[in-house]
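Everything numeric here is computed off the predicted structure, so don't read it as measured data. Every chain is numbered from 1, with letters handed out A, B, ... down the list of sequences.
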Amino acid sequence: MRSKLFVPGSRPELFAKAMASAADAVSFDLEDAVAAERKAEARACVAAMLDGLAPEHGKTVIVRVNPTDGRYFADDLAAIIRDGLDMVNIPKAETALQMRAVAAHLGEIEHARGIATPIRILANIETPRGLRLAAEIAAADPRIAGLQLGLGDLFEPHGIARTERETVRAIQLAMRLAAAEAGIPAYDGAFVNVGDPDGFRAEAAAARRLGYSGKSCIHPSQIALANDVFRPSAAEIAHARRVLAAAETQLAAGTGAFLLDGVMIDEPFIAQARAVIAQS
Amino acid sequence: MRSKLFVPGSRPELFAKAMASAADAVSFDLEDAVAAERKAEARACVAAMLDGLAPEHGKTVIVRVNPTDGRYFADDLAAIIRDGLDMVNIPKAETALQMRAVAAHLGEIEHARGIATPIRILANIETPRGLRLAAEIAAADPRIAGLQLGLGDLFEPHGIARTERETVRAIQLAMRLAAAEAGIPAYDGAFVNVGDPDGFRAEAAAARRLGYSGKSCIHPSQIALANDVFRPSAAEIAHARRVLAAAETQLAAGTGAFLLDGVMIDEPFIAQARAVIAQS
Amino acid sequence: MRSKLFVPGSRPELFAKAMASAADAVSFDLEDAVAAERKAEARACVAAMLDGLAPEHGKTVIVRVNPTDGRYFADDLAAIIRDGLDMVNIPKAETALQMRAVAAHLGEIEHARGIATPIRILANIETPRGLRLAAEIAAADPRIAGLQLGLGDLFEPHGIARTERETVRAIQLAMRLAAAEAGIPAYDGAFVNVGDPDGFRAEAAAARRLGYSGKSCIHPSQIALANDVFRPSAAEIAHARRVLAAAETQLAAGTGAFLLDGVMIDEPFIAQARAVIAQS
C-alpha cells in the first residue's frame with residue numbers, strides 16, 4: 001500500500017472515483033472527516049458501497065471507524081464487517097489490550113456472519129501513549145497488519161509544531177522501529193497542505209528512507225506522488241541485483257562478509273537487497 | 001509558569017527582589033545551589049521567607065528540596081511545608097513509586113499541620129532512568145503538576161555534550177511526550193550561559209515549538225526573555241481565532257473537517273486553537 | 001576500549017598483526033564474518049590463538065560468538081572459554097532474561113574449568129527490540145560490561161537508510177542513555193565504508209559527543225582514527241583542570257554552585273571534569 005486515499009464516508013459521490021484511482025488502497029473514513037450528526041448516514045453509505053464493490057477491483061479496501069471507547073464504535077463495526085472489507089483502521093490505538101479486544105470483537109462478528117478471511121487491523125499511532133507502547137500494540141494480535149502514523153492528533157492537542165523536521169523524523173523513527181520489531185509495515189500519515197506537492201514528496205521520501213511502505217493521501221493529486229516515492233528506483237534495483245550476484249559468488253566461496261565498492265556487505269545487507277527485488 | 005526564577009536558598013538577600021520580579025514563579029533552591037555545610041541555614045532562610053510572604057504576591061512559590069534518597073530530604077520537607085508553598089520541586093525523579101512515596105509524605109505533613117490545599121509536585125527529569133520512565137512518573141499521582149527538564153544532570157556525568165542541537169531536541173521531545181500523555185505541562189530547564197540571551201531565546205523557542213509551557217531562569221535577565229517566548233504571538237492568536245470562527249460555521253453545516261488556506265482542519269487543530277486563546 | 005579491531009575468526013593469518021596493532025581491543029569474529037561451512041574451522045583457529053597468546057599483550061581480547069538462539073552458540077562458548085579471554089560479545093541482545101541465561105552459562109563453564117576471573121559480556125544492540133529494552137539488557141547482570149551498537153543489523157533488514165544523520169544520532173543517543181542508566185560504557189559500531197576516513201572520523205566524533213567510549217574498526221586504517229577521536233583533547237583536559245581547581249576554592253568557601261567564564265558550574269559538571277582527568 002504505497003498510496004492510501006482517504007475518502008469521507010459521508011461523501012458517496014466520491015467513492016467510485018476513489019476506487020477507479022491509481023491508489024493502492026482506499027480508506028473510507030467514518031471518524032474525523034464526518035460530523036457527529038452525519039455518522040449514521042456515512043455508515044450506511046459505506047456499507048452500501050461495500051455491498052456494491054466490483055469484482056477484482058484490485059484495491060485494499062479499508063474503513064476507518066470511530067474510537068474504540070466512544071459511542072459510535074460498535075455500530076460502525078456492525079455496519080461494515082463483511083466479505084470484501086480488507087482492513088479496519090482503528091484510530092488512537094493505545095494499548096495491546098485494546099487491540100486484543102478489537103480483534104476478539106471482529107472474530108465474533110465474522111463467526112456470526114460466516115466470514116472466512118479474517119479482517120486485518122491497521123492501527124493508528126497518534127497519541128503519546130500509543131507511540132510509547134507502539135511495539136506492544138504492533139505485536140498484540142496476528143490481525144494487526146500495519147501501524148499508521150497520525151501526526152495531527154499527536155501534535156496539535158499538545159501544541160507541538162509540525163514544522164520542525166527533526167521532531168517529525170524522531171516520531172517517524174520511533175513508530176518505524178516499533179513496526180519493525182513486530183515485523184509489520186509502517187505507513188506514514190497524511191500531509192495536510194494539499195497545495196504543496198514538494199512538501200508531500202519530501203515527507204514521503206523521508207518516511208521511505210526510514211523504511212516506511214507508503215503514505216496516506218487526502219487528495220487524489222497526492223496518489224501519483226506516493227506511488228512514485230515508494231517504488232524502488234532503477235538504481236536501487238540495479239544495486240540490489242549486484243549485491244545478490246556478488247553474495248552468490250562470495251558465499252559459494254565460503255566468505256561470510258565481503259567488500260563491494262569498498263563497503264562491507266554481510267547478511268543484513270543481503271536481506272535488504274532481496275526485499276528491494278521483491279518490491280520491484 | 002512561563003518563567004521560573006531559581007534563587008539559592010542560602011542567599012536571603014536575593015529573595016525580595018526575586019518575589020518583586022516579573023517571573024511567573026520563583027523556585028527557592030535547597031539542592032545544588034547550596035553547599036552541604038549550609039543546608040540547615042538555607043532551609044531556615046526559606047522557611048522564614050515563606051512565613052513572611054506578602055498577601056496576593058501573584059507568584060507560584062516553589063522550593064526545590066534535596067534528593068528523596070538523601071539525608072536532607074525529610075528535614076527539608078519538615079521545614080518548608082505550610083500554607084503559601086505552592087509546589088515542591090523534586091530533583092532526580094526516577095520512578096512512579098518514588099513519586100507516590102513523596103505524595104504520601106506530603107499528605108501526612110499537611111494532615112498533621114491542617115493544611116487544606118494539597119501542595120503540588122514538580123518532578124525533575126534529569127537522569128536516564130527518569131527520562132525512560134517519565135510517562136509513568138508524570139501519571140504517578142494527581143499532585144504531579146509538571147515535569148521539568150534538567151539537562152546538566154542528565155548529560156554531564158555521562159559525557160554527553162550539550163552543544164548538539166539534535167541531542168537536546170530529542171531529549172526535550174521525549175520528556176514533552178511523557179508530560180502530554182499524563183496531561184500535565186512540561187517546563188524546560190536552565191540555560192547555563194547567563195551572558196548569552198540569544199542562546200537562551202533559541203533554546204526557549206525550540207522548547208515552545210515542542211509544546212513546553214515555560215523555562216527555568218537562573219538570572220533575572222532571562223525572565224523577560226522567557227515571558228516573551230512563551231506568550232502566544234499576535235499572529236498565533238489571530239490564526240487561532242480564524243480557525244475557531246471557521247470551525248463554528250463548518251461544524252454547523254455538518255462538516256467534520258474542512259480546508260482553511262489549503263490546510264485540512266479537524267478536531268485536533270480546533271483543540272489547539274482553543275488552547276492558544278485560553279493562554280492569551 | 002577506544003578502538004576495537006574486528007578480525008574474521010576464519011582468517012588466522014591476520015591474528016598476529018591484529019594483536020600487534022595499536023587497537024585497544026581485538027574482537028575475533030565467529031558470527032557474520034564467517035560463512036556457515038567454516039564455523040567449526042574458525043572456532044578452532046580462535047581457540048588455538050587464545051592458547052598461544054603472549055603474556056602481557058596489553059589488549060582486551062574479545063570473541064564475538066553466534067546468536068544465542070542458534071545452532072552454533074553452545075559450541076562457540078565451549079570452544080573459547082578459558083583464561084585469557086576477556087569478553088564474549090553477544091550479537092542481537094534482546095532481553096534481560098537472555099543476558100542472564102548467557103551469564104549463567106558462562107558461570108557454569110568457568111566453574112567446570114576452574115577459571116577464576118569472570119568473563120565479561122559485551123552486548124550488541126542491533127535489533128529494534130534490543131534497542132527498546134537496552135536499559136534492561138544493560139542492567140541484567142554484573143558481567144555486562146558494555147553495550148555495542150550495530151547499525152547494519154538494525155537498519156538494513158527494515159530498509160532504514162544509514163545515510164540520515166539524524167536517524168543515526170537518535171539511535172546512538174537512545175543506546176547511550178541505556179548504557180548510562182546502568183553505569184556501563186557504550187561503544188559505537190562499525191563504519192562500513194573502509195575507504196572513507198573522514199566519514200569514520202565524523203561518526204566517531206558524533207558518538208564521542210554523546211559520551212561513547214570507543215568505536216569498532218573493521219580495517220587497521222581505522223584504529224588510529226578511533227584512538228585519536230576518543231582521547232580527551234588538550235583543551236578538554238585544561239578546561240577540566242580549571243573546573244576542578246575552581247570547585248576546590250568555591251566549595252571550601254561554602255558555595256554549592258559558581259560561575260566559571262559565565263557558565264554555572266555545579267556537581268554534574270565537576271563529576272564530568274573528574275572523568276576527563278581520569279581518562280587522560
Side-chain angles (χ1 to χ4, degrees), chain A residues 132-136 138-139 165-174 176-186 205-213 230 232 236 243 247 250-276 279, chain C residues 6 8-11 29-39 41-42 66-67 91-92 94 126-134 150-171 173-174 189-196 199 216-219 222:
Chain A
R132 178 167 65 93
L133 301 178
E136 296 170 23
R165 209 179 92 108
E166 53 213 333
T167 305
V168 173
R169 294 296 168 278
I171 302 286
Q172 286 177 322
L173 175 61
R176 174 61 187 128
L177 290 174
E181 182 175 337
I184 63 175
R208 184 168 196 271
R209 287 192 298 270
L210 288 169
Y212 277 67
S213 301
F230 290 99
E236 288 169 323
V243 167
Q250 297 281 341
L251 298 180
T255 321
F258 57 91
L259 286 180
L260 183 67
D261 308 335
V263 173
M264 198 187 72
I265 305 291
D266 58 9
E267 187 43 43
F269 288 77
I270 298 166
Q272 170 59 7
R274 274 192 216 106
V276 167
Q279 259 183 286
Chain C
F6 262 71
S10 54
R11 299 194 58 190
D29 189 18
L30 301 178
E31 196 211 10
D32 283 350
V34 177
E37 59 275 26
R38 301 186 62 187
K39 294 288 185 191
E41 176 193 338
N66 285 283
K92 299 179 182 63
E94 292 216 305
E126 50 191 350
T127 65
R129 175 166 293 133
L131 187 66
R132 178 167 66 93
L133 302 177
L151 289 183
D153 278 278
L154 184 60
F155 285 177
E156 287 288 331
H158 308 297
I160 304 174
R162 189 158 169 176
T163 49
E164 303 302 282
R165 210 179 91 107
E166 52 212 333
T167 305
V168 173
R169 293 296 169 277
I171 301 287
L173 175 61
F191 181 77
V192 289
N193 193 336
V194 297
D196 178 10
S216 297
C217 303
I218 55 170
H219 190 271
Q222 298 178 328

Nearest 0.5 Å please: distance from the OG1 atom of C/T167 over to the CD atom of A/Q172.
9.0 Å
Where do A/L177 and C/P128 come nearest, in terms of heavy atoms and distance?
O-CB, 3.4 Å
Report the C-alpha separation of C/E166 and A/R165 in whole Å, then their side-chain angles, then the decisive distance to 0.1 Å, and conclude whether the side-chain contact (heavy atoms from CB on, under 4.5 Å) test is met.
CA-CA 10 Å; C/E166 52 212 333; A/R165 209 179 92 108; 2.5 Å; yes
Counting heavy-atom pairs under 4.5 Å to chain C, which of A/E181, A/R169, A/Q250 comes out on top?
A/E181
Report which part of C/R129 has an atom under 4.5 Å of a heavy atom belonging to chain A: side chain, backbone, both, or neither.
both
Measuring heavy-atom distances to chain C, does A/R208 have an atom under 4.5 Å in its side chain, in its backbone, in both, or in neither?
backbone
Proximity breakdown for C/T127 and chain A, heavy-atom pairs closer than 4.5 Å:
neither
Holding to side chain to side chain donor-acceptor pair (under 3.5 Å), I want the full list of residues that pass it with C/K92, two or more places apart in sequence or in another chain.
C/E31, C/D153
Looking at A/G211, A/G183, A/A206, A/A182, which makes the most heavy-atom pairs under 4.5 Å with chain C?
A/G211
Between C/R132 and A/E136, does the side-chain contact (heavy atoms from CB on, under 4.5 Å) criterion hold? Intermediate values first, please.
CA-CA 11 Å; C/R132 178 167 66 93; A/E136 296 170 23; 4.0 Å; yes
Selection from C/A161, C/G130, C/A190 maximising heavy-atom pairs under 4.5 Å formed with chain A:
C/A161
Of the listed residues (A/A135, A/A174, A/A180, A/A186), which shares the most heavy-atom pairs with chain C below a 4.5 Å separation?
A/A180
Which heavy-atom pair separates C/I171 from A/L173 by the least distance, and what is that distance?
CD1-CD2, 4.0 Å
